[in-house]
Amino acid sequence: MSAPPEGLTGARALPVGRRALLVEVATAEQAQALHAELLRRRATGALPPVAEIVPAARTVLLDGLDDPHALAADFASWSIPPLTAADAAAVVLPVRYDGADLAEVAALWGVAEDEVPRIHSGLEFRVAFCGFAPGFGYLTGLPERLRVPRRSTPRTAVPAGSVGLAGPYTGVYPRSSPGGWQLIGRTDAALWDPGREPAALLAPGTRVRFEVFG
Amino acid sequence: MTALTVVRAGALTTVQDLGRPGHAHLGVPRSGALDQPAHRLANRLVGNPAAFATLETTVNGCAVRVDAAVTAAVTGAPCPVRVDGRPVAWGAPVRVPAGAVLDVGSARAGLRCHVAFGGGVAVPRVLGSRSRDLLSGLGPEPLADGMSLPLGAPCGPPLAADTVPWPGPPTAGLVLPVVLGPRDDWFVPEARRALAGGDFRVSAASNRIGLRTEGPSLERAREGELPSEGMVLGAVQVPPDGRPVVFLADHPTTGGYPVVGVVPEPSLAAAAQAVPGTPLRFVPVRA
């Protein structure tokens, strides 16, 4: 997962109310690199105090700033190093590839059903951001040709641990909930445990691989 | 340990403190008391630090029995307060004897009371907070009849507060300042004028996640979806039906509908006390 070094060309820092700033960049990779840089700067004290750093698809939100406008003016001069494997924790999730939408996904990919586990477990993913539910990570790393649409009718209950695909993302449901992603398998890993430190197995920036299990 | 037993849970009573900020990147809402000034005042009146947990009631209060004498205070929406049936003060420290029932009645105006007890409601913390988050289900279950809740040890003398500045619930009308952006350019100019000049009303579908509105529908200037982005407290998000929603404490941390503006945090306590049907206006203000 390497990209040529780049600054924040084309980045826009949009004020959000009086205490927050939304930094918008062109690509998901730039958003992840910006997020990593913000965490580094916060760790070294180079960032003004901020309550929340919330990455998303093409943006990073900084909430709880004393002076968003001062920071907005600062971004132009930042250079953002590309993401490296070294700057993130790695997690391997064992998966039983027996999801309810496995046949559908195989058809969309144009492969046999038993090829899906081999292809999916051969990819490197990264948690771009969380949302939808505590500990639900949106994982990037799926090549464009393997993207599948959401189900036209969401399921009212998707079991905890279900591994699903939707658009550019792979996700794992931390607990049973309604959901519209195409389900390819299931893991027994505890994605979310508020009594554990860290509570979320898949925090933004974490690298993820899936492993064929059983 | 001192404990409360719930005699009458009310329509919706939850344990709330100052919430669990700092976890939005994991998809965890901040949660916490909706009427923060009322929560802080209730704690102050019983000698608690602001971070101690109170009960947040909705519309028709609640009643609890205490197993040991405790000081309590009710703030937020004005309502009748009784100890074993006898009227006592609202907005002041009240002594509740061992075995007595504190009854917080129906709000005369506004929606939500905060009920503090000396020592605070001492249920276990989840991610540093005792708040019930109704979006993601973190924190203690909402109160139910018969439920028991532990109280902490009182840590300070109740504070005398003879005069308490308090704006009261927005009975005549709710006026919310709004700082436009970050996505006001997703709307046609008429929509921005409708937001600034329109007569809205507070919808009955409002809850701890958001204050929903009835009235003008804001028309978009562009089609398509916004990639998911981080959301802040007070964000005025506009779903496809065009009716603005003001995000309150249990709001989702990311969302894909455009945010036309943000209501600054100090105005959200009034939003939390606005009963359905209350006339509502948005007033654009400078950042």
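Using a 4.0 Å cut-off between charged side-chain N and carboxylate O, A:R147 and A:E144 make a salt bridge. Using a cutoff of 4.0 Å between basic side-chain nitrogens and carboxylate oxygens, A:R155 and A:D101 are scored as salt-bridged. A salt bridge does not link B:R30 to B:D250: none of the charged nitrogens lies less than 4.0 Å from a carboxylate oxygen. The residues A:E37 and A:R42 are annotated as not salt-bridged, no charged nitrogen and carboxylate oxygen being separated by less than 4.0 angstrom. A salt bridge does not link A:E104 with A:R151: none of the charged nitrogens is closer than 4.0 Å to a carboxylate oxygen.
Heavy atoms closer than 4.5 Å to chain B are found in the side chain of A:L22, but not in its backbone. Using a 4.5 Å cut-off between heavy atoms, A:P194 contacts chain B through both its backbone and its side chain. Interface remark: A:A199 contributes side-chain atoms only to the contact with chain B (heavy atom separation under 4.5 Å). Using a 4.5 Å cut-off between heavy atoms, B:V126 touches chain A through its side chain atoms alone. For A:A20, the part sitting under 4.5 Å from any heavy atom of chain B is the side chain, from C-beta outward, and nothing else. For B:R125, no part lies under 4.5 angstrom from a heavy atom of chain A. Neither the backbone nor the side chain of A:E197 comes within less than 4.5 Å of any heavy atom of chain B. Heavy atoms closer than 4.5 Å to chain B are found in the side chain of A:H69, but not in its backbone.
No other option in A:G195, A:P198, A:P134 has as many heavy-atom pairs under 4.5 Å with chain B as A:P134. Interface check for chain A: of the options B:L226, B:L138, B:V259, B:V263, the most heavy-atom pairs under 4.5 Å are formed by B:L138. Here B:A24 is the residue among B:P21, B:P227, B:A24 with the most heavy-atom pairs under 4.5 Å with chain A. When the candidates A:A57, A:A203, A:S177, A:A51 are compared by the number of heavy-atom contacts under 4.5 Å with chain B, A:A57 comes out ahead. The candidate with the highest count of non-hydrogen atom pairs below 4.5 Å against chain A, out of B:P182, B:A235, B:G181, B:P124, is B:P182.
The distance from the CH2 atom of A:W192 to the CG atom of A:L202 is 11.5 Å, given to the nearest 0.5 Å.
Of the possible polar contacts, none joining the B:T14 side chain to the B:S131 backbone as a donor-acceptor pair under 3.5 Å is found.
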* Asked: Should A:T140 and A:Q32 be marked as a side chain to side chain donor-acceptor pair (under 3.5 Å) after you check the CA-CA gap, both sets of side-chain angles, and the distance that decides it?
  -> CA-CA 10 Å; A:T140 52; A:Q32 292 179 36; 2.9 Å; yes
* Given salt bridge (Lys or Arg N to Asp or Glu O under 4.0 Å), test A:D66 with A:R19 step by step and report yes or no. => CA-CA 6 Å; A:D66 279 339; A:R19 306 261 299 148; 3.1 Å; yes
